[in-house]
Protein chains: 2
Amino acid sequence: MTAAKHQVTRKTGRRTGGRAGIREVAAAAGVSITTVSDALNGKGRLPDATRRHVRSVAERLGYRPSAAARTLRTGKSGLIGLTVTTYGEEPFTFTEFAYFAEMARAATSAALARGYALVILPAASQHREFDVWSNVALDGTVVIDPSDHDPVVTELVRQGIPVVSDGRPGGSLPVTAWVDNDHEAAVTGLLDHLAAAGARRIGLLTGTSTDTYTRLSTTAYLNWCERAGQNPVYEAYPAHDPCAGAVAADRLLARPDRPDAVYGLFDPNGTDLLAAARRYGLRVPDDLLVVCCSESSVYATTEPPITTLSLKPGRIGTSVIQLLIDAIEGASGGRPPAPAPAAEAAHQVMPTELIVRTSSQPPRRPAASARATVTAPRTPPAIDQ
Amino acid sequence: MTAAKHQVTRKTGRRTGGRAGIREVAAAAGVSITTVSDALNGKGRLPDATRRHVRSVAERLGYRPSAAARTLRTGKSGLIGLTVTTYGEEPFTFTEFAYFAEMARAATSAALARGYALVILPAASQHREFDVWSNVALDGTVVIDPSDHDPVVTELVRQGIPVVSDGRPGGSLPVTAWVDNDHEAAVTGLLDHLAAAGARRIGLLTGTSTDTYTRLSTTAYLNWCERAGQNPVYEAYPAHDPCAGAVAADRLLARPDRPDAVYGLFDPNGTDLLAAARRYGLRVPDDLLVVCCSESSVYATTEPPITTLSLKPGRIGTSVIQLLIDAIEGASGGRPPAPAPAAEAAHQVMPTELIVRTSSQPPRRPAASARATVTAPRTPPAIDQ
DNA sequence: TTGAAAGCGCTAACAA
DNA sequence: TTGTTAGCGCTTTCAA
């Protein structure tokens, strides 16, 4: 009786937008809402007949479960935040466009395959945009290259939401896990490659910002120079400025101690250097060897084709998502994902790939090891837990 | 009494994860939960003192409102779906990478500025990935270049969720609104530019797929040829294949009726054509004029720099979001956004930009109108409906 | 095996 | 001006 009264009392008529709710389905199928829920979610121990019947009724009514209600009830939204650093008003920076795009693409696929979707969110900003962080229920978050004391990361972790970063976090940022390339090994291997190709003085085009990538790569360069007994020759420029790279490349080749090989840390540096070399009448690779870090395929068809270091952002994106979802599902599954000794987050170091092309192979002394592709040997995909 | 009993009876102790809920805040501030809600959302008519007090208590307790509960209650999630076409397993296609990235970047900014966040979702697929569509509460959706009878679009519209497409929808796809370039005017203007630069036979590198962009652009080319009394000279290739473009470019230049100018519809065609020209010993722009549709800045520094047609994806992304949010907020605001006469969706046509560089300016006869940038005159930003 | 009932945390209508 | 209450639509004990 109470039940019947309840059913009737309820304003069960129109739902939001007139769509069918679980109660309509239950009524139409002649079962309880519990049975509907179980049948649709594959739970409980219902006879197959009931399950099929409920499913067909639900389909006929065009029933779509409410994601909001499910999220409220279960505490899981199936949503993962993806934060991109904003420069000024815009997300992304020009110089890392291809990297971000590829990384995000792979992360999207990996998340989708495990039933999660990505929500694009801005890094902390002074605007009220910050509010969007509270307006969306996240099961976890991916942060790309977080700054040393990112307030968003700190806050999320404090709330118990797993955070995995692309890029080794600086400072003592309390991320759940991180994934990064072994930048030091990559730079070292690349410089060895240039030296083996005959370079005597290798220059560097680097950035003025203090992010981990720039810092580690530059340090690796300086260390290599010291070991090789070469004076460092480098120019730093604000990498977020789309024109500054060309100017810096020009400055580098204008120096009295002009390098005979240059490595550019950012994606457009290949064309920047090629243009600068042209202005100074330097032939590549005859007079100048050129390598840059890039994910762009245009360097396969430039004149000459340019050797690039690929950070394999696709692999990074995939790994980040796997680590994050493992943390999410492990955390809710009962056992803690890692008894992490306070200052030691789970992490994964991914290999880079040096794609050797004409620009780093001088014609006079053909390289003994003429492989088309050399994978940096020192950085196997290792999981340190 | 009833109230007091209720408060006590309730299992008010631990919340999910131990975080403070609205009730804890109310208790700590000595007010009711309604007051807390109103104070935090700027609603109601509370004295400023109360508002500040509640806010400070909430902050002290580290209170974060539950997005799921708010969504369930209000019916608005603040989430907008962004669908990317998937080719095989991967979202995005190589050839339109830069376009998508730039469009998504602008859309993200525009959405954030109005308090919405974007959720990346796959277009309909045979996988169970389709489920993610039901697992996230969307206020609206952006679809990029939908296929003629996209089941996702149809389903969303049936559910009353606004859908705005980037690209004029084919078939009778019932989108709420759409945004597109005037591809016909763009191609026509571009071909006029080449003809003015001295081209006598203009070739086309086009795609084999039947999407709107490829179809409209190719048709415009054929019409232009007919008007100009020129025989069409074109090669079509599967644009999603990253290598096929180079082959098609080669085929085009190998023809007996070799064109003296070529327009490539896809982003990598510039380097494809440059490489092919090199193989045939053709100088650009002396023997061959080259233009391609691209958003990539590398064409500013190739040798020679290549004239590109930009579709201005940033503007498109911004417009799409504005139209969508207008529809979302108009729809819930009471008055219908548009009494649309059935087959006439709101739409917006955006201008393209021809960025003229060396590759389309033959040295012998300097172009009379030597502007660096020519905006197609026929496509002002017009809002119909 | 199936169903009733209790909320998840919040907002908005209504009461006081 | 402030507080009480009724759900939003679902999942999940717990009882039948």
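Proteins get letters first, then strands, A, B, ... in listed order; numbering begins at 1 in each. Below, each value reflects all heavy atoms present in this structure, side chains not excepted, and no hydrogens, waters or symmetry copies.
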Using atom [atom1] of [X] as one end and atom [atom2] of [N] as the other, report the distance to the nearest whole Å.
| X | N | atom1 | atom2 | answer |
| --- | --- | --- | --- | --- |
| B:R64 | C:dC8 | CZ | P | 21 Å |
| A:R23 | C:dA5 | CZ | P | 13 Å |
| A:N135 | C:dC10 | CG | P | 12 Å |
| B:H53 | D:dT2 | NE2 | C1' | 15 Å |

Is the phosphate of C:dG3 approached by A:T35 (side-chain N or O, under 4.0 Å from OP1 or OP2)? yes
Would you say a side-chain N or O of A:S32 is under 4.0 Å from OP1 or OP2 of C:dG3? yes
Closest-nucleotide ordering on DNA chain D, the 5'-leading residue of A:L72 and B:G30: B:G30
Option passing side chain to side chain contact (heavy atoms under 4.5 Å, CB included) with B:P162 (candidates B:T176, B:L138, B:L156, B:V175): B:T176
Please test B:N135 against A:Y116 for side chain to side chain contact (heavy atoms under 4.5 Å, CB included), starting from the C-alpha separation and ending with a verdict. CA-CA 9 Å; B:N135 274 336; A:Y116 290 76; over 6 Å; no
Do we see a donor-acceptor contact under 3.5 Å between the side chains of B:T35 and B:S32? yes
Kindly compute the distance separating CH2 (B:W178) from CG (B:D166), expressed to the nearest 0.5 Å. 11.0 Å
Please classify the nucleic acid contact of B:T71 as base, sugar-phosphate, or nothing, using heavy-atom distances under 4.0 Å. nothing
Do A:V142 and A:S165 have side-chain heavy atoms sitting under 4.5 Å apart? no
Letter by letter from the 5' end, nucleotides 11-16 of chain C scores (B base, S sugar-phosphate only, - none; protein heavy atoms under 4.0 Å) BBB---
Using the C1' atoms of five pairs at each end, what's the angle between the two axes of the helix from C:dT1-D:dA16 to C:dA16-D:dT1, to 10 degrees? 40°
What pairs with A:S77 under side chain to side chain contact (heavy atoms under 4.5 Å, CB included), at least two apart in sequence or on another chain? A:T71, A:L79, A:A137, A:D139
Please step through side chain to side chain contact (heavy atoms under 4.5 Å, CB included) for the pair A:L118 and B:V119, ending with a clear verdict. CA-CA 6 Å; A:L118 295 189; B:V119 183; over 6 Å; no
Shortest non-hydrogen separation from A:L112 to A:A117 and the atoms involved: CD1-CA, 4.2 Å
Before you tell me yes or no, could you show the steps for B:R55 and B:D48 under salt bridge (charged side-chain N to carboxylate O under 4.0 Å, His left out), namely the whole-Å CA-CA distance, both residues' side-chain angles and the distance that decides it to 0.1 Å? CA-CA 10 Å; B:R55 283 191 175 154; B:D48 267 11; over 6 Å; no
